[in-house]
Asks: 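Here it is, the structure, as structure tokens.
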2 protein chains.
Amino acid sequence: MKPVASTSEQILDVAQSLIVAGGYNGFSYADIADAIGIRKASIHHHFPTKAELVSALVDRYRQQTELGLKSLQEQSASPADQLQSYVDFWKACIGNASLPFCVCAMLAGEMPMLPDEVASRVRGHFHHLAEWLTSVLQAGAKQHPFRLDKRPEQEAQMLMASVHGAMLSARAFDDPGLFAVIVEPQIAKLRPPVR
Amino acid sequence: MKPVASTSEQILDVAQSLIVAGGYNGFSYADIADAIGIRKASIHHHFPTKAELVSALVDRYRQQTELGLKSLQEQSASPADQLQSYVDFWKACIGNASLPFCVCAMLAGEMPMLPDEVASRVRGHFHHLAEWLTSVLQAGAKQHPFRLDKRPEQEAQMLMASVHGAMLSARAFDDPGLFAVIVEPQIAKLRPPVR
DNA sequence: GAGTGTCTACCTACTAGTAGATAGATAAAC
DNA sequence: GTTTATCTATCTACTAGTAGGTAGACACTC
């Protein structure tokens, strides 16, 4: 029922799935062209250079992410539920292989050789995600559910690393369930110990 | 004073640093040839195909790693010290940029498009590292220093993910110190809470 | 003289990117 | 209301450069 995606959206869709699989150098204009049945030149019409294509892709990804995280907060669930929903999102993505790796985590690994315009956008995503997690942890500590050992900024960094590391392990061991096995106890540890 | 490295060792050295920077598709035979001042064809003499080159590279990396981890255990330090030494190794690598990312973690991100012979070796490294961490945690729990919330296998997976995620964050934020900020509290949490 | 290592010279396939043409839609000009 | 102009999206055909890989010659060593 949803309207047919425009060509440029299709290009970004395919490019995204190819990047998730193999990173910046893991795909070519020819791969995209073949996948959606157009010519390479048509892709250059929409995105003159590869750096521009990937920049647009990261921009779109960040916009979707920021919208999603904001709406999670505005659904007025508790901080604990917000965190759980974030984790559940990735659990689902990895489980059904729809988006089995964060685009920006993938690109972050290749940081040293990314075009500047792409690298700065990826860095921006990491900053935003860290801030979102910090604010959720802060809210959770102020109310009841969380007890933080460290400053919320630091706990947020630890959580983020755990999520990205868990994605990597799920991929390395070829075991989607491993993601939850790693991340769930990590957020459980934020709750005050049962005495 | 150490003997000049053989050509094939030099090739692996350069290839390793290029993989760490940009992954499997992030380097070419020409890059290696330029870096050590020989021709592409000479590299093919030592490593006929790229898949063989990277396979040899991962084999060498795994051998070094397994030797290093074993010697850590045999230096008869306490499990807590063994774990700390492991973390300190990466802290130093990232700090002085000598090896600012685990070769296998880098390649694991590209798993879906790696040649099978490479992918299976990378998976092997993850299995071995998980086993080593498990055995250290197990020893630490049997003696005094660690109190584990979960089964040692699971705690080992959590720790490994944290380390790899921390490498990624250090790179994404361009902040080598971030690695320790993330990992240190994670191993501190393994010690029994002060009561 | 059999290996070993390196070279020059080459190959085919693919890379990102460009040039120029075409077809259809839109809209203003007369 | 037809003409003229512009825009958008696509195409075919091409470029220069790079990818991984090969063939064969030359030397040096054991």
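Any value given below was found using the heavy atoms of this structure, including those in side chains, with hydrogens, waters and symmetry copies removed. Order of the sequence lines sets the chain letters (A, B, ...), proteins ahead of strands, with each chain counted from 1.
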Asks: Answer yes or no: are there more than 12 heavy-atom neighbours, outside Gln63(A) itself, under 6.0 Å from its atom CD?
Replies: no
Asks: Which whole-number value in Å describes the distance from Tyr29(B) OH to dA13(C) C1'?
Replies: 16 Å
Asks: Rounded to whole Å, how long is the line connecting atom CD1 of Ile43(A) with atom C1' of dT8(D)?
Replies: 17 Å
Asks: Tell me which nucleotide among dC11(D), dA16(C), dT8(D) gets nearest to the side chain of His45(A).
Replies: dT8(D)
Asks: As an exercise, state the distance from CZ of Phe179(A) to OG of Ser162(A), rounded to the nearest 0.5 Å.
Replies: 8.0 Å
Asks: Is there a donor and acceptor pair closer than 3.5 Å between the side chain of Lys50(B) and the base of dA19(D)?
Replies: no
Asks: Does OP1 or OP2 of dG5(C) have a side-chain N or O of Thr7(B) closer than 4.0 Å?
Replies: no
Asks: By the 4.0 Å heavy-atom rule, please label Ala30(B) as base, sugar-phosphate, or nothing.
Replies: sugar-phosphate
Asks: Look at Asp59(A) together with Arg62(A) and state whether they make a salt bridge at an N to O cut-off of under 4.0 Å.
Replies: no
Asks: Between His44(A) (NE2) and dC11(D) (P), how many Å, whole number?
Replies: 13 Å
Asks: Can you check the Ile38(A) CD1 to dT8(D) P distance for me, whole Å?
Replies: 17 Å
Asks: Nearest of dG20(D), dT10(D), dG17(C) to any side-chain atom of Ser42(A)?
Replies: dT10(D)
Asks: With respect to the side chain of Ala41(A), which nucleotide from dT18(C), dG21(D), dG17(C) is positioned closest?
Replies: dT18(C)
Asks: If you check the His46(A) side chain, which of dA16(C), dA19(D), dA9(D) turns out closest?
Replies: dA9(D)
Asks: Of the listed nucleotides (dT8(C), dA16(C), dA19(D)), which one gets closest to any side-chain atom of Ser28(B)?
Replies: dA19(D)
Asks: Among dG20(D), dT18(C), dC7(C), which is the nearest nucleotide to the side chain of Lys40(B)?
Replies: dG20(D)
Asks: Counting heavy atoms from C-beta on, name the nucleotide in dT8(C), dT10(D), dT18(C) closest to the side chain of Arg39(B).
Replies: dT8(C)
Asks: Under a 4.0 Å N-O cut-off, is there an ion pair linking Arg123(B) with Asp116(B)?
Replies: no
Asks: Expressed in angstrom and rounded to an integer, what is the separation of Glu52(B) atom CD from dG20(D) atom P?
Replies: 14 Å
Asks: Using atom CD1 of Ile36(A) as one end and atom P of dA9(D) as the other, report the distance to the nearest whole Å.
Replies: 13 Å
Asks: Select base, sugar-phosphate, or nothing to describe what Phe27(A) touches, counting heavy atoms under 4.0 Å on all strands.
Replies: sugar-phosphate
Asks: Parallel, tilted or perpendicular, judged at 30° and 60°: which one describes the rings of His125(B) and Tyr61(B)?
Replies: tilted
Asks: Given atom CG of Leu53(A) and atom P of dT15(C), what is their separation to the nearest angstrom?
Replies: 15 Å
Asks: Please give, in whole Å, the distance from dT15(C) C1' to Phe47(A) CZ?
Replies: 19 Å
